[in-house]
Amino acid sequence: MYKYFPYYVIDGIVNATSKYHMERKVMEPHLKLWQKKDFAPITYANIYHFITIIYYIGLCRLPCKADYWSTHPFMPKHRITTMLGMARDWFGFIWKHFHVQADTHIYQEASNEDEDDTENDDEDLIEQMMER
């Protein structure tokens, strides 16, 4: 997996996801999500496992994401979802906060200048990935 998603890409995703989570927590403190419990920081292993599960979900289709963690006797067992400790709630949390771009505020409207900068950043990232 490191071959297809190098460390610097995952580092950017971890930072962007964490930043988005913290911004959302500040901007929307009334959500029940924050009252349940305080979640642990998102790690590189979490993002690699999340991407692996997303890939697996694309290969093995079920009606609902929660079905991949089902313990019902008639449902198939999906070891990929539990073998590294990715609980259903933690997957859902990352699903809701997964973000790839860290330099934007979630409630800020992008100006034309920002859009031009973003396009250049995307092109730089694509060029870096193509070099590998």
Side-chain angles (χ1 to χ4, degrees):
M1 188 109 160
Y2 300 108
K3 180 178 178 182
Y4 301 107
F5 296 101
Y7 179 79
Y8 66 89
V9 172
I10 298 301
D11 184 49
I13 292 173
V14 167
N15 292 334
T17 301
S18 298
K19 183 177 179 185
Y20 178 74
H21 164 238
M22 295 310 292
E23 285 179 356
R24 189 165 177 227
K25 193 172 184 177
V26 169
M27 298 301 291
E28 302 177 54
H30 61 282
L31 293 178
K32 289 182 182 178
L33 174 67
W34 314 128
Q35 296 170 2
K36 291 181 182 177
K37 63 179 178 177
D38 194 25
F39 288 93
I42 297 169
T43 64
Y44 299 97
N46 294 144
I47 296 298
Y48 276 116
H49 196 192
F50 178 79
I51 292 171
T52 302
I53 292 173
I54 295 296
Y55 182 75
Y56 181 75
I57 287 173
L59 295 175
C60 179
R61 299 265 184 186
L62 290 177
C64 172
K65 287 189 298 281
D67 289 342
Y68 293 94
W69 285 268
S70 177
T71 57
H72 192 275
F74 294 115
M75 291 297 290
K77 304 294 183 236
H78 303 278
R79 291 183 347 171
I80 190 93
T81 58
T82 57
M83 65 192 279
L84 296 173
M86 178 72 74
R88 183 188 69 210
D89 292 343
W90 186 235
F91 178 84
F93 180 81
I94 295 175
W95 180 273
K96 289 177 185 173
H97 295 95
F98 187 79
H99 221 67
V100 202
Q101 187 176 8
D103 60 351
T104 59
H105 192 276
I106 59 175
Y107 293 102
Q108 182 181 24
E109 293 183 4
S111 66
N112 290 337
E113 294 174 6
D114 290 340
E115 289 174 4
D116 292 340
D117 291 341
T118 303
E119 289 174 9
N120 291 337
D121 292 341
D122 293 341
E123 290 172 6
D124 293 340
L125 180 62
I126 291 170
E127 286 176 14
Q128 289 176 359
M129 292 182 72
M130 293 300 287
E131 289 175 1
R132 292 190 178 252

Item checked: side chain to side chain donor-acceptor pair (under 3.5 Å) contacts in which one or both residues fall within residues 54-68, not counting sequence neighbours ->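 Applying side chain to side chain donor-acceptor pair (under 3.5 Å) to every pair that reaches into residues 54-68, excluding sequence neighbours, yields Y56-H78.
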
Any chance you could measure [X], atom [atom1], to [Y], atom [atom2], to the nearest 0.5 Å?
| X | Y | atom1 | atom2 | result |
| --- | --- | --- | --- | --- |
| I51 | F98 | CD1 | CZ | 5.0 Å |
| R24 | H99 | CZ | NE2 | 11.0 Å |
| I94 | I54 | CD1 | CD1 | 9.5 Å |
| N15 | I10 | CG | CD1 | 11.5 Å |
| I42 | H97 | CD1 | NE2 | 7.5 Å |
| M22 | M27 | CE | CE | 13.5 Å |

Any heavy-atom pair between the side chains of [Y] and [X] that's under 4.5 Å?
| X | Y | answer |
| --- | --- | --- |
| V14 | Y48 | no |
| I53 | F91 | yes |
| F50 | W90 | no |

Next item on the list: State, without any angle test, whether N46 and T43 hold a side-chain donor-acceptor pair at a distance under 3.5 Å.
Entry: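 Looking only at side-chain atoms, T43 and N46 do form a donor-acceptor pair, the distance falling under 3.5 Å.
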
Next item on the list: Look at the side-chain heavy atoms of Ile, Leu, Val, Met, Phe, Trp and Tyr, link any pair under 4.5 Å apart, and say whether Y7 and F5 land in one connected group.
Entry: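 Cluster IDs for Y7 and F5 match.
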
